[in-house]
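Structure first, then comments.
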Amino acid sequence: MSTYLTILGFNSAIPTINSSPTSQFLEMEERHFLIDCGEGTQVQMRKAKVRFSKINHIFISHLHGDHCFGLPGLVASFRLLGRKTPLNIYGPKGIKKMLETIFEITETYKGFEVIYYELEGKESVKIYEDKRVEVYTIPLSHRVYCNGYLFKEKPKERHLNMKEISKYKEIEICDFQNLRLGKDFVLEDGSVIENQLLTTDPRDSVSYAFCSDTKYKEDIIPIIEKVDVLYHESTFLHNLKEMADYTGHSTALEAATIAKKAQVGKLILGHFSNRYSDLSVMTTEARQIFPNSFLPKALETVKIG
């Protein structure tokens, strides 16, 4: 299965006619993750034909409104759509109080369980894992507590080479899983058939790093090193670096520098200040440092890997 990232919203603070605040939808190994949930997210989900019922895990970077104000409405819509399965929400400490207070005051009955995973640590930690996918926090530096998220496919199982396997009557169906796991096969006479003769290499595992609002922060580089795609905020051009530092944001040049030092495959810029009507200035600046830098497009789906 391929991994796909759909950009639902990518601008900073104030929604515009053509763009919405930060939100992304990630499909990885048949898992469906929502990353941040700014105002208007569920409308964008409708436009992108995202199936609401598929989303079981929502990751919120921080509690500034342009990253979470769409969440109460989305949870309410889940109830109206008849949701019964639990919803897992990951975010900074305080996210449960924020949502549950809104639900209490508005007398919103959810009708399903919401499981909160409140974060407050300053080191990268694994917060989700199943048989195919792992998710880690990426501690960032903003005006409030903030995390990015690293999504990684686990190593794939090898593919069976049935043409070669059929040459050995001793290899039975019950042996296939061990072959997929990379184990050699030992014949009854003690001779060993190397695994690479019986299987072929799997598709490479892919990874995606989402770095929300943050100042330039080099200590995230070991966490995101060599990811296939990096999303990194670039609110300002570098001539406004002083403002970027003051407001807890990065410049396009700084995002590109992080991408270059981390040796990532592709950089997607985002979270642009509304002062820029022509966003091509962002890629012009970033590509001086990291040529494989791109602007997001609303409702665009990007294949990762």
Side-chain angles (χ1 to χ4, degrees), residues 1-8 22-37 50 54-62 67 85-93 95 113-140 145-159 177-178 180-183 201-212 214 217-233 258-259 261-268 270 301-305:
M1 297 295 293
S2 297
T3 294
Y4 296 95
L5 175 72
T6 300
I7 307 293
L8 301 174
T22 305
S23 186
Q24 301 181 358
F25 175 64
L26 181 67
E27 299 175 77
M28 176 177 279
E29 286 290 323
E30 300 181 315
R31 279 67 172 158
H32 300 79
F33 303 126
L34 185 67
I35 311 168
D36 274 355
C37 191
V50 172
K54 290 283 188 179
I55 295 176
N56 295 318
H57 301 273
I58 299 177
F59 299 84
I60 302 297
S61 62
H62 63 294
H67 296 261
T85 56
L87 176 66
N88 300 277
I89 297 178
Y90 308 77
K93 184 177 181 180
I95 193 169
E113 183 182 11
V114 177
I115 303 171
Y116 296 95
Y117 299 86
E118 294 197 302
L119 309 170
E120 53 184 331
K122 296 182 179 180
E123 303 293 331
S124 178
V125 294
K126 184 189 298 183
I127 56 173
Y128 173 82
E129 181 180 19
D130 60 29
K131 292 181 179 179
R132 298 183 181 179
V133 176
E134 296 176 325
V135 183
Y136 297 81
T137 60
I138 306 172
L140 300 175
Y145 179 78
C146 184
N147 282 299
Y149 296 102
L150 171 63
F151 300 83
K152 298 175 62 177
E153 291 181 348
K154 289 186 174 181
K156 311 288 186 185
E157 293 183 347
R158 299 184 62 80
H159 300 300
Q177 185 58 26
N178 282 333
R180 292 190 184 99
L181 294 175
K183 297 180 180 180
D201 292 337
R203 177 177 64 84
D204 290 339
S205 298
V206 302
S207 53
Y208 171 62
F210 170 83
C211 289
S212 181
T214 185
K217 194 169 189 285
E218 284 198 349
D219 57 3
I220 70 172
I221 290 172
I223 303 171
I224 66 173
E225 187 174 19
K226 295 184 179 179
V227 297
D228 292 276
V229 176
L230 166 66
Y231 169 88
H232 195 293
E233 74 115 296
I258 291 290
K261 290 187 175 183
Q263 303 177 65
V264 309
K266 177 178 181 178
L267 170 65
I268 300 176
T301 297
V302 178
K303 184 179 179 181
I304 299 177

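Since the structure is predicted, the reported quantities are computational estimates derived from the model, not experimental observations.
Of all the heavy atoms in G305 and V206, the pair that sits closest is CA-CG1, 3.5 Å. The two residues K126 and E129 come nearest to each other via the heavy atoms NZ-OE1, 3.3 Å. Residues C37 and I60 approach most closely at N-CD1, 3.9 Å, considering heavy atoms. Taking both residues in full, the closest heavy atoms of L34 and S23 are given as CD1-OG, 3.7 Å, listed atom of the first, atom of the second, then distance. Counting all heavy atoms, side chain and backbone alike, H62 lies closest to S212 at CE1-OG, 3.5 Å. V133 and R31 make their closest contact through CG2-CD, 4.3 Å (heavy atoms, listed as atom of the first residue, atom of the second, distance).
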Using distance only, find each side-chain donor-acceptor pair of residues 219-231 under 3.5 Å and give its atom names and separation, not counting sequence neighbours.
residue, atom, partner, partner atom, Å
D219, OD1, K217, NZ, 2.8
D219, OD2, K217, NZ, 3.4
D228, OD2, S207, N, 2.9
Y231, OH, H271, N, 3.4

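E157 is listed as a side-chain neighbour of L181, based on a closest heavy-atom distance under 4.5 Å. Considering only heavy atoms from C-beta on, T22 stays 4.5 Å or farther from E233 through its side chain. A 4.5 Å side-chain heavy-atom check between L5 and I7 finds at least one atom pair inside the cut-off.
Between the side chains of Q24 and Y149, no donor-acceptor pair of N or O atoms lies under 3.5 Å.
Atom OG of S61 sits about 8.5 Å away from atom CG of N147, to the nearest 0.5 Å.
For Y117 and Y128, the gap between ring centers reaches or exceeds 6.0 Å.
Each of Y136, Y90, F210, Y208 was scored for a ring-ring contact (aromatic ring centres under 6.0 Å, His included) with F59, with one residue passing: Y90.
With sequence neighbours excluded, no residue satisfies side-chain hydrogen bond (donor to acceptor under 3.5 Å, both in side chains) with S124.
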